[in-house]
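What's counted below: heavy atoms across the whole structure, side chains too, no hydrogens, waters or symmetry copies. In what follows, every chain begins at residue 1, and chains take the letters A, B, ... in the order their sequences are listed.
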Amino acid sequence: MTISLVVLYLLIIAFLGYLGYRKTHGASDYLVAGRDIHPYIMALSYGATFISTSAIVGFGGAASVFGMGILWLTVLNIFVGIFIAFVFFGKRTRIMGYHLQAHTFPEFLGRRFQSPFMQKFAGMIIFLFMPLYAGVVLIGAAKFIQHQFNIDYTTALFFFTLIIAVYVIMGGLKGVMYTDAFQGTIMFVGMLVLLIYTYYTLGGFIDAHSALTAMPVPPPLAAKGHTGWTSMPSFGSEFWWVLVSTIVMGVGIGVLAQPQLVVRFMTVKSNRELNRAILVGGVFILLMTGVAFISGSLSNVFFSKNVNNIEFCQITGAIMEVCPGKKIVTVSAENLARIRAQHPGAQINDEIDLHQGRPHVPTRNGSISIVAAGGNVATVIPQYIKQSMPKWFGLLFMLTLLAAAMSTLSSQFHAMGTAVGRDFYEQIVKDKTEAEERSVFISKIGIGVTILVSVLLAYILPKVYIRGEAIIARGTAIFFGLCAGSFLPAYLGALYFKKITKAGALAGMIGGFSVASFWLLFVHAAESSVIGLSMALFGRPALFGKTLGIVDPMFIALPVSIILTVAVSFFSQKPDAEHVDKCFKNI
Amino acid sequence: MPPLRRCGGLNKIVYQEVPMFGLGDGWVFSAYMLCIASSILCVVYGILKWNSDGDTVKDLEQEHWVEDEIKIEKQL
C-alpha cells in the first residue's frame, strides 16, 4: 500500500515534469508559458521552495523544545518572507532583472553594480555554503522515511537522494513550476489535516493550550531560561538568544536574500501576478510553519499525557523504538531519579551505560517530546506523526515531506549549479563563446558535486551532533544568516538606493561575509566547538566567552555589512548615472 | 472578552474565563495573533490589488530577457 502510493505520487510528478518539459521546449512556448504562469502556481512554487523538510521537521522539532515562542518566526515568515519580499523586493527585482537581463541572483547583483567580481564572489558563497542547507533538508526527509518505514537512516538517505537525483536530472529543472504547484497542494492538505487532528486529539483549541501551559518545565531546561512552552524564554538567557537571534531573526530576515527565492520573482509576467501570489502565499506559509510549530509544541502534551498509551523505556524515557539503548548517558538532575531506579549509586555528571545488556523495561508514564524522541530534535515530528495519527495520515504526511524536500532541493541544486557554471566559470574565462558552451557542462558537474557534498553532510552531521542539538534548524539558520549578512545590504541598496556604489556594495558583501564566517568559526560556540579551528589555534572552543558565544552571526554581520556599504559608498566613485537610470527605468 | 471554558461541577456547569486562549504569556499570544493577522493582510492585499499593477516593462525588453532565459534553460 505504502509503496504503491509513493510510486503513484512519483508517477504524477514525472508526468507533470514531462508536461512542463513538453510545453517549454520551444522559445515561443516558453514565452507563453512564462506569461501565463498562474499566480496560484507562482505562489505555491515560491512557497514550496521556501518551505522544506527543514521548516517542518527541523523547526517543528525545535518548537517542541522552545515552545510556541517560535511562532514569531511564522510572523516573520509571512510578513517579511511573503509580504515585504513580494511588495518591496519582488516587484523591483522583477523590473530591474528585465533591464539587466539577469538570470541568477549573483548575476543580478553583479550587473546592477557593474562588477563581475561581485557575481563570482556571490556565486562562490552559494556554491560553498548552500550544500549545508541542502544537506539538512536531506536529513529532515531521510529521518522521516527512516521512522515511517523502520529502516536504517543511511538506507533512507541513499534511496531518497537517488530519487531526488533522478528527478533533478530528468527535467526537474525545466518543469518545476507544475510539479511545485502539485507538491504545494499536497503540503497544503497534509498540514491542514495535521492542525485539525492535533487540536482534536488534545481536546480542542483552548484545552490543548491550557494543558501545554500547565506543564512543568524540567530543571535542565529551566536552567537555560525555559519558562514554559507557551511563554518566551527569560530575557537574555541562552534559550532566549538562540530562539530570538538565531531562529527567529536569522531565518526570518535571512529569507529576503535567498538566491533561489529571488530568482522566482523574475519568472512572472507582471507585478499583478505578484500581488495575486501574495494572497495564496500568505495563507500557505501560515499553514506550513504555523502548523508545524503549533503541532511541535503541542506534541509535548500528547507525549507526556501519553494520550495513545505508547510504551516508553523506563530507563531513558524514550519511546521504545527510538530508545538510545546502549548509549552512554550523562546523569543530570532531570534523569537522576529514573536512573537511580536501575543504578542506585548513580551521581549527577556520572557517565553510565544505561542498558548494559538489560532488556528494555516498558512503562506507560509519558515524557516530554524531546525525551520521548530519544533526545533527538529531528525525531520529534516523525515520531509524533507516527504515534498520534492514523496510518493513512503518516503516508499523506510522508508525501507532504517528500514534496517539500523535492521542491526545495531541486531549486537549491539549480541555484548551486548555475552559481558554478554561469556566475563563476563563465566570468573567469576570457573566450565568451567557448565559456558559454562549456558552462552548461560545468553547471552539470557543479550540480553533481553539490549533490555529493550535500549527501555527505547529511550523512556526517547527525553523527557529529549526536546529542540532539537542533542540527536541521541550525544548518538552515547558518545559511540564512550568511546570506543576510553577505547579500542583504547590497540587494536592498541595488533596489532602492541609487547612490550606493560598486565599492560600497562590495565592501558590505565581503565585510558581512567575513564577519559571519569569523563568528561561526571562532565565536558562536554551537559551531566553533564542532569545527574545532578555534580549539586548534587558540586552545579554547570559542573566543570571547559564553555570552557572546550564543549571539547569532547575523546579529553582528548584518549591521557591519550595512555600515560598510553606506560608509564606503560615501567616499567612493559615484556610479555611472546612465547605468543607474537604466536600472531604475519603469520603477 | 476572554473565551470561556466549560468546567465540570456537581450540580451546575461552571464556565471559567481562559485568558489569551490558554497561552502562557502576552508575547506568545501576540505571535499567535500576528501570524493570523499577517495572513489576513496578505489576503486583503491580494484581493485589493487583484487587477492592479499590470505590466510596466515594454514587451520588447521583456522578450529579449525571456529569449536569453530560454537559451540558458535549454542549455541546462
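- Note that NZ of B:Lys49 is 12.0 Å distant from CG of A:Leu274, once rounded to the nearest 0.5 Å.
- Contacts of A:Ile278 with chain B are made by both backbone and side-chain atoms, with heavy-atom separations under 4.5 Å.
- Within the 4.5 angstrom heavy-atom criterion, no atom of B:Ile40 approaches chain A.
- Taken to the nearest 0.5 Å, the SG atom of B:Cys35 stands 11.5 Å off from the CG atom of A:Leu287.
- Of the listed residues A:Gly228, A:Gly282, A:Ser231, the one with more heavy-atom pairs under 4.5 angstrom with chain B than any other is A:Ser231.
- The two atoms that bring A:Met232 and B:Asp25 nearest to each other are N-OD2, 3.0 Å, heavy atoms only.
- Note that OG1 of A:Thr230 is 12.0 Å distant from CZ of B:Phe29, once rounded to the nearest 0.5 Å.
- Looking only at heavy-atom pairs under 4.5 Å with chain A, the residue among B:Ser30, B:Ala31, B:Gly26 that has the most is B:Ala31.
- Your options are A:Ile285, A:Val87, A:Leu212, and the one with the most heavy-atom pairs under 4.5 Å with chain B is A:Val87.
- Ranked by non-hydrogen atom pairs under 4.5 Å with chain A, the options B:Ser38, B:Ser39, B:Ala37 are led by B:Ser39.
- Counting only distance, with no hydrogens or angles, the side chain of A:Trp72 and the backbone of B:Trp27 share a donor-acceptor pair below 3.5 Å.
- Interface remark: A:Ile294 contributes side-chain atoms only to the contact with chain B (heavy atom separation under 4.5 Å).
- Looking only at heavy-atom pairs under 4.5 Å with chain B, the residue among A:Phe284, A:Phe79, A:Phe83 that has the most is A:Phe83.
- For chain B, the option among A:Ile70, A:Val75, A:Thr227 with the highest count of heavy-atom pairs below 4.5 Å is A:Val75.
- When B:Ile36, B:Leu34, B:Leu41 are compared by the number of non-hydrogen pairs under 4.5 Å with chain A, B:Leu41 comes out ahead.
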Discussion item. Could you go through A:Leu279 and B:Cys42, starting from their C-alpha distance and side-chain angles, then the distance that decides it, and tell me whether this counts as side-chain contact (heavy atoms from CB on, under 4.5 Å)?
Written reply: CA-CA 5 Å; A:Leu279 188 155; B:Cys42 290; 5.9 Å; no
